[in-house]
Amino acid sequence: MSETGKRRTAGALGGLIAAGAALGLGYLAAELSGGPWPVDAVGVQVIDWSPGPVKDWAVRELGTADRPLLRVGICVTLAVVAAFAGLLGSSEHPRVRRSAPGIAVLVGAVGIVFAITSRSATSNVLVRLIPATVTLIVAVAGMYLVVGALRHRDSEVEPEQPGGFDRRRFLLTVSALVVAGAGGVGVSRLVSTGTGEAARSTFRVPRPTEPAPAIPAAAQADVAGAARFVTPNANFYRVDTLLEVPRIDPRNWELRVHGMVDHELRLSLGDLVSRRLIERDITLTCVSNEVGGPYVGNARWIGVPIADVLKEAGVRAGADAVRSTSVDGLTIGTPLSALTDGRDAMFAVAMNGEPLPFTHGFPVRMVVPGLYGYVSATKWIVDFEVTRFQDFTAYWTERGWAVEAPIKTASRIDVPKGFATIKAGPAVAAGVAWAQRRGIRKVEVQVDDGPWQPAQLAAQDTVDTWRQWIFRWNATPGTHKLTVRATDGTGRLQTADQAPPRPNGSSGLHNTVFMVE
Ligand SMILES: Nc1nc2c(c(=O)[nH]1)N[C@H]1C(S)=C(S)[C@@H](COP(=O)(O)O)O[C@H]1N2
Ligand SMILES: [Mo]
């Protein structure tokens with residue numbers, strides 16, 4: 001490779017490394033300040049701008065991997081731009097060279113704009129600016145250093161190599177940048193578990209005033225590969241629209257209850273949990289769940305009945321909805337009737353005996369039995385406004401999802417999995433069925449195109465939880481199919497009509513095809 005070629009390669013590499021250092025130190029600044037990492041600020045804006053079909057595709061094809069992939073996509077884009085800037089920075093022409101830090105300024109400025117405008121866990125603009133500003137400064141400074149190290153020094157250092165550059169200085173510069181960037185990420189890993197967890201652990205799970213009855217032992221279907229009746233927090237599905245996870249300090253949290261009420265309330269976490277607390281098993285389901293999909297989970301929650309708080313605030317005549325807002329500004333609209341009709345709608349503070357995990361809404365989220373999460377389960381809630389549906393639109397309804405969305409009766413086969421191979425002879429299938437608020441009365445399974453046969457039902461915990469089922473049959477060699485359907489507690493059979501998740505939840509029957517040997 002010619003000296004010029006080497007310098008160009010070094011330039012591209014140096015640009016990449018300068019960008020990496022900027023992102024690494026920006027990440028540390030985000031961790032320390034609580035402001036958004038600029039990559040996440042851009043990512044959240046991309047999420048908000050994505051047309052419905054794109055988002056549907058991402059949820060369907062990428063599942064929960066969509067978030068890391070979005071980050072990777074943005075970083076790869078930045079890497080290309082940074083390498084290009086570095087390449088320009090290796091030019092012999094001073095004016096071209098200067099465009100390298102110029103590009104860093106431009107890209108950094110974009111980061112600053114998104115840090116201010118996009119949804120994020122902090123509303124304080126100054127805090128929002130910190131990580132983006134650090135990123136910009138490091139990016140520009142890094143580019144300057146790289147460009148400086150690449151300026152060719154024909155006569156002085158290596159006169160015998162025209163077009164060459166000071167390799168020692170370049171190596172020192174990029175090494176320093178690598179150490180800075182990697183150090184930033186490394187240190188932020190250390191402090192992230194520390195600071196966040198310390199704040200979360202200041203909150204002790206309160207004793208429920210009304211403990212839930214013990215879960216019947218027979219509610220758990222003991223079949224290898226079937227879902228656990230209670231979903232462990234670590235395995236609980238997560239659906240939201242942020243890349244960073246808000247880590248609210250419980251000491252600073254406050255819930256504002258206002259709108260069409262007689263008395264506005266401002267509740268600290270202490271105020272909230274000093275009220276009557278109920279403990280309930282409730283199964284959450286996401287409207288984006290495809291037939292047979294994983295976005296459903298069952299947990300034991302402790303919280304304050306929302307009806308109690310509404311009563312205290314005094315709901316004015318004419319209200320029919322609540323608009324709740326999470327710390328990042330995302331809004332959810334819930335029918336007032338679902339919060340006052342006697343079901344166990346709550347401001348939840350505990351999930352399976354622990355404070356809510358950060359990913360599931362710490363310190364407080366809503367849980368409303370019978371409604372899909374996007375119209376009821378506001379995580380990181382900070383604002384609760386009693387209002388009318390005609391007076392607002394919520395985040396998801398602005399994106400083509402239904403305003404009201406009760407959960408549809410559904411059933412799922414967990415074993416045998418699709419494309420599994422099982423042994424011929426007596427075989428066992430198992431799964432779950434749910435119809436929150438109505439309960440499950442019957443589950444039936446069809447082998448190939450045979451008759452519908454009743455499955456054995458595990459004990460029902462409550463009408464708000466899913467119910468497990470087991471089905472035994474004699475498997476004969478070959479490729480076979482099982483199909484499942486449920487009947488809810490009102491006697492209504494689950495519909496076989498296929499519907500996609502949008503606008504108000506998928507429907508259709510789940511089946512699995514597998515091999516018997
Ligand atoms: N703040 C906030 N709350 C939210 C969401 C969100 O994007 N932001 N997503 C909702 C959706 S669509 C669902 S299905 C549930 C999922 O709750 P989980 O992530 O705890 O399982 O949270 C709901 N609450
Ligand atoms: Mo959802």
Side-chain angles (χ1 to χ4, degrees), residues 40 43-44 47-48 50 52 55-56 58-60 63-64 66-67 70 118-123 230-248 253 255 282-290 293-301 303 322-334 345-352 354-384 394-402 404-408 410 434 436 466 500-506:
D40 289 350
V44 167
I47 292 173
D48 285 3
S50 302
K55 214 177 294 180
D56 294 355
V59 169
R60 192 172 57 243
T64 27
D66 61 351
R67 266 185 300 260
L70 181 53
S118 85
R119 276 185 301 110
S120 105
T122 32
S123 49
V230 176
T231 314
N233 289 354
N235 301 350
F236 208 95
Y237 81 93
R238 175 184 166 203
V239 173
D240 56 59
T241 47
L242 282 175
L243 295 170
E244 47 161 356
V245 179
R247 289 164 185 266
I248 297 175
W253 179 85
L255 179 65
I282 297 166
T283 298
L284 289 191
T285 311
C286 182
V287 71
S288 308
N289 199 39
E290 302 269 343
Y295 300 148
V296 52
N298 182 45
R300 174 160 282 203
W301 310 90
V322 161
R323 174 185 187 264
S324 54
T325 309
S326 75
V327 69
D328 57 303
L330 176 137
T331 53
I332 282 182
T334 310
M346 62 168 103
F347 292 119
V349 296
M351 179 177 185
N352 292 330
E354 268 184 57
L356 298 178
F358 289 118
T359 43
H360 296 290
F362 182 82
V364 182
R365 74 174 306 168
M366 285 171 57
V367 171
V368 182
L371 302 183
Y372 286 119
Y374 83 104
V375 290
S376 68
T378 317
K379 304 195 275 191
W380 314 293
I381 188 173
V382 294
D383 191 280
F384 188 84
Y395 181 87
W396 299 100
T397 48
E398 283 159 10
R399 288 161 175 78
W401 296 86
E404 297 203 36
I407 294 173
K408 297 179 181 177
W434 60 87
Q436 290 92 317
W466 60 11
R502 186 182 295 266
N504 65 354
S506 63

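For ligands, and for the atoms within them, numbers begin at 1 and follow the listed sequence.
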### Task
Determine the interplanar angle of the Y295 and Y237 rings, folded into 0 to 90°, and report it as parallel if under 30°, tilted if 30 to 60°, perpendicular if over 60°.
tilted
#### Entry: Atom pair CH2/CZ of W301 and R365 - distance to nearest 0.5 Å
4.5 Å
### Query
For ligand 1, which atoms have a heavy atom of C286 less than 4.0 angstrom away?
14 (S)
### Task
Enumerate the atoms of ligand 1 whose separation from the nearest heavy atom of S326 is less than 4.0 angstrom.
1 (N)
### Task
Note the single closest protein heavy atom to atom 24 (N) of ligand 1, along with its residue, its atom name and the distance in Å.
A377 O, 3.0 Å
### Task
Please report which non-hydrogen protein atom sits nearest to atom 5 (C) of ligand 1, along with the residue it belongs to and the distance in Å to one decimal place.
V239 O, 3.8 Å
### Query
So which protein heavy atom does atom 19 (O) of ligand 1 come closest to, and at what separation?
K379 NZ, 2.5 Å
### Message
Under a 4.0 angstrom heavy-atom cut-off, which atoms of ligand 1 come close to Y374?
### Response
11 (C), 12 (S)
### Summary
Here the gap from L284 atom CG to S376 atom OG, rounded to the nearest 0.5 Å, amounts to 7.0 Å
### Message
Please work out, at 4.0 Å between heavy atoms, whether the side chain, the backbone, both, or neither of L330 comes within that distance of ligand 1.
### Response
side chain
### Task
Check if M366 has a non-hydrogen atom at a distance under 4.0 Å from any atom of ligand 1.
no
### Summary
dist T241:OG1 -> L330:CG (nearest 0.5 Å) comes out at 4.5 Å
### W380 and ligand 1 - part of the residue with a heavy-atom distance under 4.0 Å
side chain
### Task
Return the residue, atom name and 0.1 Å-rounded distance of the protein heavy atom closest to atom 17 (O) of ligand 1.
R365 NH2, 2.9 Å
### Query
Is it the case that R238 places NZ or CZ above or below the six-membered ring of F236, under 6.0 angstrom from the centre and within 45 degrees of the axis?
no
### Query
So, D240 and R67, do they make that salt bridge, N to O below 4.0 Å?
yes
#### Entry: Side chains of Y372 and N504, donor plus acceptor under 3.5 Å
no
### Query
Could you give the distance from OG1 (T359) to CE (M351), rounded to the nearest 0.5 Å?
7.5 Å
### Query
Of all the non-hydrogen atoms in the protein, which one sits nearest to atom 6 (C) of ligand 1, and at what distance?
D240 CB, 3.4 Å
### Query
Quick one: which of Y237, Y372, F236, Y295 has a heavy atom closest to atom 14 (S) of ligand 1?
Y237
